[in-house]
Amino acid sequence: MAALEKQLLTFMETEQPYIHPNFSIQLLAEQLQAPTHYISQILGQRMHTKFYDFANNYRVEKAKKLILHSDFEHLSLLGIAYECRFNSKSTFNRAFKKKEGCKPSEFKRQNR
């Protein structure tokens with residue numbers, strides 16, 4: 001399980017599968033060539049998270065980078081949310097606040 005956990009984290013960092021439009025635990029398991037229940041077990045028992053929170057944390061990290069990068073100044077926060085594969089502004093705001101403790105607009109204002 002520890003080896004699969006390391007493989008999972010490396011894969012998430014290097015391949016960024018969470019930006020795939022149809023990203024799911026099934027797709028992730030397929031890409032890692034591991035049973036879905038193993039991925040679920042690693043997330044729940046070893047990382048103490050759920051799949052969607054796990055994926056959204058990576059999406060929030062990507063969003064933070066885009067908010068801070070000058071090449072993406074032309075995008076609105078909603079544009080950044082969509083670029084990071086959030087399905088709606090409310091989902092983006094909720095995930096961002098859960099992870100960072102503030103709304104994306106507050107993060108942008110504090111860091112620009």
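Given the structure is predicted, the values throughout are model-derived calculations rather than measurements.
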Inset, instruction - Measure centre to centre between the rings of Phe86 and Tyr82, then say whether the value is under 6.0 Å. - result: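 When the ring centroids of Phe86 and Tyr82 are compared, they turn out to be at least 6.0 Å apart.
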- Pair Phe51 + Phe23: ring centers closer than 6.0 Å: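 Here the rings of Phe23 and Phe51 have centres that are less than 6.0 Å from each other.
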Start with the C-alpha distance between Ser88 and Thr91, add both sets of side-chain angles, then the distance that settles side-chain contact (heavy atoms from CB on, under 4.5 Å), and finish with yes or no. CA-CA 5 Å; Ser88 70; Thr91 302; 2.9 Å; yes
Would you call [X] and [Y] a side-chain contact if the rule is heavy atoms closer than 4.5 Å?
X: Asn93; Y: Leu77; answer: no
X: Asn56; Y: Lys99; answer: no
X: Met1; Y: Gln41; answer: yes
X: Gln31; Y: Pro17; answer: yes
X: Cys84; Y: Phe92; answer: no
X: Leu4; Y: Ile39; answer: yes

Check: Just wondering, more than 12 heavy atoms not from Glu73 lying within 6.0 Å of its CD?
Finding: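 More than 12 heavy atoms, drawn from other residues, nucleotides or ligands, come within 6.0 Å of this atom.
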| Would you find more than 12 non-hydrogen atoms of other residues, nucleotides or ligands less than 6.0 Å from Asn87 atom CG? |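 No, not enclosed.
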- Query: Hey, are Glu106 and Lys103 close enough for a salt bridge, meaning a charged N less than 4.0 Å from a carboxylate O?
  - Reply: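 Here Glu106 does not pair with Lys103 in a salt bridge, since their nearest N and O are not under 4.0 Å apart.
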ask   = Are the charged groups of Lys64 and Glu100 less than 4.0 angstrom apart, N to O?
value =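 Yes.
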> Under the side-chain contact (heavy atoms from CB on, under 4.5 Å) criterion, do Ile19 and Tyr58 qualify, and how do the steps go?
Replying inline: CA-CA 9 Å; Ile19 60 170; Tyr58 279 95; over 6 Å; no
Closest non-hydrogen atom pair, [X] against [Y]:
X: Glu13; Y: Gln16; answer: O-CG, 3.9 Å
X: Glu83; Y: Leu66; answer: CG-CD1, 3.7 Å
X: Pro35; Y: Ala29; answer: C-CB, 4.1 Å

Hey, is the main chain of [Y] close enough, under 3.5 Å, to the side chain of [X] for a donor-acceptor pair?
X: Arg59; Y: Tyr18; result: yes
X: Thr10; Y: Lys6; result: yes
X: Asp53; Y: Thr49; result: no

Worksheet entry | Verdict with supporting geometry, Phe72 and Ile67, side-chain contact (heavy atoms from CB on, under 4.5 Å) | CA-CA 7 Å; Phe72 296 91; Ile67 289 169; over 6 Å; no
Exercise for review: Please round to the nearest 0.5 Å and tell me the distance separating atom CD of Glu15 and atom CG of Leu28.
Suggested key: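 The CG atom of Leu28 is 11.5 Å from CD of Glu15, to the nearest 0.5 Å.
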Supply the atom-to-atom distance Cys102 SG to Lys108 NZ, rounded to the nearest 0.5 angstrom.
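Reported value, rounded in 0.5 Å steps: 13.5 Å.
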Could you pull out all residues at least two apart from Glu5 that satisfy side chain to side chain contact (heavy atoms under 4.5 Å, CB included)?
->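 Glu5 satisfies side chain to side chain contact (heavy atoms under 4.5 Å, CB included) with Leu9, Ile42, Arg46, Met47 once adjacent residues are dropped.
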side-chain contact (heavy atoms from CB on, under 4.5 Å), that's the test. Do Tyr38 and Leu43 meet it? Break it down for me.
CA-CA 9 Å; Tyr38 281 10; Leu43 294 175; over 6 Å; no
